[in-house]
Enquirer: 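Have a look at this one.
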Amino acid sequence: MMAPLCGSGKRGRPMAVKMVFFSLLFLIPMASSVGSSHRKLEVQKQLKRLNKPAFKSIKSPDGDIIDCVHVKHQPAFDHPLLKNHTVQRTPSFHPKERSFDESKQVYSKSTKPITQLWHLNGRCPKGTIPIRRTKEHDVLRASSIESYGRKKHLSIPQPKSAQPDLITQSGHQHAIVYVEGDKYYGAKATINVWKPQIQQPNEFSLSQIWILGGSFGEDLNSIEAGWQVSPDLYGDNNTRLFTYWTSDAYQATGCYNLLCSGFVQVNNEIAIGASVYPVSGYGGSQYDINILVWKDPKEGNWWMQFGNKYVVGYWPGFLFSYLVDSASMIEWGGEVVNSEADGQHTSTQMGSGHFPGESFGKASYFKNIQIVDASNNLRVPKGIATFTEQSNCYDVQNGQNGNWGNYFYYGGPGKNPNCP
């Protein structure tokens, strides 16, 4: 007579249950280990893709490592449409300036030049470009490897669409000025630089120019440049120069800085994503950066200039659909992430963290805001409007005078008695 199989009788069933239980205890750590190993492998692949072989490396005082990478080895050329691309070393045309006499500007004695912190320890030779090295913990801070270096969908400021449900849905808040209703071929501004305080590591605060084409649906084209503080992206609270682009409303295309293929850098002195230094102090010295983005009328590429002499590089025109022709809206201003982590509005600051009414030396500003027209001329924008979702949290006030041209103060502290 055959003995009953384990578990086929009443006395055997507990034994079978125990065996299954102990098997699961054994398999769970194994599965976790396999998952962890797979993630580590994917992270290493990502780092290998982003960190190109360096001709020289420079350790910045803030802990960054700046790799000097040959122009032809930069991440841009991982893009399938850039495999045989000939680098355009300089733009065919530069926008014709509307002259502002800097020497006569009000407050000119209080505004000072600005540079990048890594310059204190060296420079990259000609023929190379400086790239901030991505480290393992940079990628691991992201919610997923795929999302590293990308903005979330619905983060674009949509004037006239400040319904409460939209604010809650996107988690992003803005204080901006904008123009629309024409064809725009670029934009420029002088941007006051601060170091706003961030409440949660997954929040950020930025001040930038948006060059926009298409609708605010699934096909939005956007080119962006300015400064930001983003602990999640960089692992610290430093103020950094940044760029961004997308051709499908932040869904599958585009990224910050050089964290994907697309932007072609030609300049060996400016590292996108590196710290800008120094920053403005409340009631103290004020520091500004100049940003200019424009479309080369001959080649069709969108160029970016930092300061008055650093032509940094370009976004090839073929990356975009609507921006292949022109932009339909330009925005200037600030953006923060409001995660409402404790059920209340974030205390993450925008700009200086102070409201526009406090004015120069205390509130952050953009000045000399201009657009590039179809004749490649920089000119004063017409029909400037303002927009903010919650003016008691972050606000914007614009004006015009002979020295600052069209300007605006913006920002705020976030959470306060009037913004609970």
Side-chain angles (χ1 to χ4, degrees), residues 32 34-54 57 60 62-67 69 73-80 82 118 129-156 170-172 198 200-206 208 220 222-265 271-275 313 315 319 335-337 339 341 348:
S32 175
V34 169
S36 176
S37 298
H38 176 73
R39 182 172 169 80
K40 203 159 196 175
L41 186 63
E42 290 302 308
V43 169
Q44 292 307 313
K45 280 183 185 176
Q46 179 87 320
L47 292 174
K48 187 175 181 181
R49 183 178 64 80
L50 292 173
N51 296 325
K52 305 300 183 183
S57 295
S60 175
D62 61 2
D64 280 358
I65 296 174
I66 305 298
D67 290 324
V69 175
H73 297 159
Q74 64 182 293
F77 299 112
D78 291 338
H79 196 289
L82 284 168
W118 68 276
I129 63 164
I131 302 178
R132 178 184 181 271
R133 185 183 298 178
T134 302
K135 298 171 184 175
E136 185 175 351
H137 50 258
D138 291 332
V139 181
L140 290 173
R141 275 193 309 274
S143 56
S144 69
I145 296 168
E146 295 73 27
S147 67
Y148 173 65
R150 299 181 186 274
K151 276 191 180 183
K152 290 180 180 176
H153 190 38
L154 293 172
S155 67
I156 201 78
S170 71
H172 290 242
I198 312 298
Q200 300 290 332
N202 64 335
E203 297 178 337
F204 64 64
S205 181
L206 57 77
Q208 66 169 68
L220 183 76
S222 183
I223 290 173
E224 306 168 28
W227 62 259
Q228 71 177 163
V229 177
S230 178
D232 208 32
L233 186 59
Y234 304 105
D236 58 31
N237 291 293
N238 292 341
T239 303
R240 296 171 177 274
L241 172 69
F242 84 96
T243 61
Y244 201 95
W245 72 273
T246 180
S247 61
D248 63 356
Y250 308 99
Q251 294 180 96
T253 63
C255 62
Y256 280 111
N257 310 331
L258 303 182
L259 297 177
C260 66
S261 56
F263 185 82
V264 179
Q265 183 158 340
I272 304 173
S275 299
W315 293 270
L319 293 174
E335 176 184 354
V336 300
V337 172
S339 62
T348 286

Enquirer: Quick one: do Thr348 and Val229 satisfy side chain to side chain contact (heavy atoms under 4.5 Å, CB included)? Show the steps, please.
Expert: CA-CA 10 Å; Thr348 286; Val229 177; over 6 Å; no

Enquirer: What heavy-atom pair brings Leu206 and Gln208 nearest, and what distance separates the two atoms?
Expert: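 Smallest interatomic distance, heavy atoms only, reads CD1-OE1, 3.2 Å.
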
Enquirer: Can you tell if the side chain of Lys48 reaches within under 4.5 Å of the side chain of Gln44, non-hydrogen atoms only?
Expert: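 A side-chain contact under 4.5 Å is absent here.
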
Enquirer: If only side-chain N and O atoms count, and only distance matters, is there a donor-acceptor pair under 3.5 Å linking Glu203 with Ser339?
Expert: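 Judged by distance alone, the side chains do pair up.
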
Enquirer: Is any side-chain heavy atom of Trp245 closer than 4.5 Å to a side-chain heavy atom of Ser222?
Expert: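 Side chain of Trp245 against side chain of Ser222, heavy atoms only: no contact under 4.5 Å found.
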
Enquirer: Any side-chain heavy atom of Ile66 sitting closer than 4.5 Å to one from Ile131?
Expert: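 Heavy-atom side-chain distance check fails, nothing below 4.5 Å.
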
Enquirer: Please answer whether the main-chain N or O of Ala54 pairs with a side-chain N or O of Asp67 as donor and acceptor at a distance below 3.5 Å.
Expert: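 Absent.
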
Enquirer: Which residues pass the ring-ring contact (aromatic ring centres under 6.0 Å, His included) test with Tyr256, sequence neighbours left out?
Expert: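 Testing Tyr256 for ring-ring contact (aromatic ring centres under 6.0 Å, His included), a comparison that skips the adjacent residues, returns Phe242, Tyr244.
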
Enquirer: Give the minimum heavy-atom separation between Ser247 and Leu319, together with the two atoms involved.
Expert: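 For Ser247 versus Leu319, the nearest heavy atoms are CB-O, 3.3 Å.
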
Enquirer: Taking Gln46 for the side chain and Val139 for the main chain, is one N or O donor matched with an acceptor at less than 3.5 Å?
Expert: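 No, Gln46 side chain to Val139 backbone: no donor-acceptor pair under 3.5 Å.
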
Enquirer: Can you tell if the side chain of Glu224 reaches within under 4.5 Å of the side chain of Lys151, non-hydrogen atoms only?
Expert: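 Glu224 vs Lys151: side chains touch.
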
Enquirer: Strictly by modelled atom types, are Ser230 and Asp232 linked by a side-chain donor-acceptor pair under 3.5 Å?
Expert: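 No, no side-chain donor-acceptor pair sits under 3.5 Å.
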
Enquirer: With distance as the sole test, does Thr246 use its side chain to make a donor-acceptor pair with the main-chain N or O of Tyr250 at under 3.5 Å?
Expert: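 Such a contact is found between Thr246 side chain and Tyr250 backbone.
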
Enquirer: What is the minimum heavy-atom distance between Ala271 and Leu241, and which atoms define it?
Expert: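 Closest approach of Ala271 to Leu241, heavy atoms only: O-CD2, 4.3 Å.
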
Enquirer: Looking at Arg240 and Asp64, is any side-chain nitrogen of the basic one under 4.0 Å from a carboxylate oxygen of the acidic one?
Expert: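 A salt bridge links Asp64 with Arg240.
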
Enquirer: Working to the nearest 0.5 Å, report the span between CG of Asp62 and CG of Asn238.
Expert: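 Rounded to the nearest 0.5 Å, the CG-CG separation comes out at 5.0 Å.
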
Enquirer: Quick one: does any side-chain atom of Ser144 pair with a main-chain N or O of Ser147 as donor and acceptor, under 3.5 Å?
Expert: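 Confirmed, Ser144 side chain pairs with Ser147 backbone.
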
Enquirer: For residues His79 and Phe263, establish whether the separation of their ring centroids is below 6.0 Å.
Expert: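 Not under 6.0 Å, so no.
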
Enquirer: To the nearest 0.5 Å, tell me how far Arg141 CZ sits from Lys135 NZ.
Expert: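 Result: 9.5 Å between the selected atoms.
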
Enquirer: Is any side-chain heavy atom of Asp78 closer than 4.5 Å to a side-chain heavy atom of Lys52?
Expert: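 Yes, side chains in contact.
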
Enquirer: Rounded to the nearest 0.5 Å, what separation is found between the OG1 atom of Thr243 and the CD1 atom of Ile223?
Expert: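 Output value for this atom pair is 10.0 Å.
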
Enquirer: Could you check if a side-chain atom of Tyr148 sits within less than 4.5 angstrom of a side-chain atom of Leu50, using non-hydrogen atoms only?
Expert: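 Counting from C-beta outward, Tyr148 and Leu50 do come under 4.5 Å.
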
Enquirer: Does this structure show an ion pair linking Arg132 with Asp138, if we count only N-O contacts that are shorter than 4.0 Å?
Expert: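 Judged by the 4.0 Å cut-off on N to carboxylate O distance, Arg132 and Asp138 do form a salt bridge.
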
Enquirer: A side-chain contact here means heavy atoms from C-beta on lying under 4.5 Å apart; do Gln265 and Gln74 qualify?
Expert: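 A side-chain contact under 4.5 Å exists here.
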
Enquirer: What's the shortest heavy-atom distance between Ser261 and Pro75, and which atoms?
Expert: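 Smallest heavy-atom distance, with atoms named: CB-O, 3.2 Å.
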
Enquirer: Side-chain contact test, heavy atoms from C-beta onward, threshold under 4.5 Å: evaluate it for Asn237 versus Ile198 and give yes or no.
Expert: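 Sidechains of Ile198 and Asn237: in contact.
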
Enquirer: Side chain to side chain contact (heavy atoms under 4.5 Å, CB included) between Leu259 and Thr134: does it pass, once the steps are laid out?
Expert: CA-CA 9 Å; Leu259 297 177; Thr134 302; 3.6 Å; yes

Enquirer: Using the rule given for side chain to side chain contact (heavy atoms under 4.5 Å, CB included), can you reason through Ser57 versus Arg133, listing the C-alpha separation, both sets of side-chain angles and the distance that settles it, and then say yes or no?
Expert: CA-CA 9 Å; Ser57 295; Arg133 185 183 298 178; 3.2 Å; yes

Enquirer: Using every non-hydrogen atom in the two residues, find where Pro231 and Pro201 come nearest and quote the distance to one decimal.
Expert: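 Where Pro231 meets Pro201 most closely, the heavy atoms are CB-O, 3.7 Å.
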
Enquirer: Search all heavy atoms of Gly273 against all heavy atoms of Asn257 and return the closest pair with its distance.
Expert: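 Taking every non-hydrogen atom into account, CA-ND2, 3.6 Å.
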
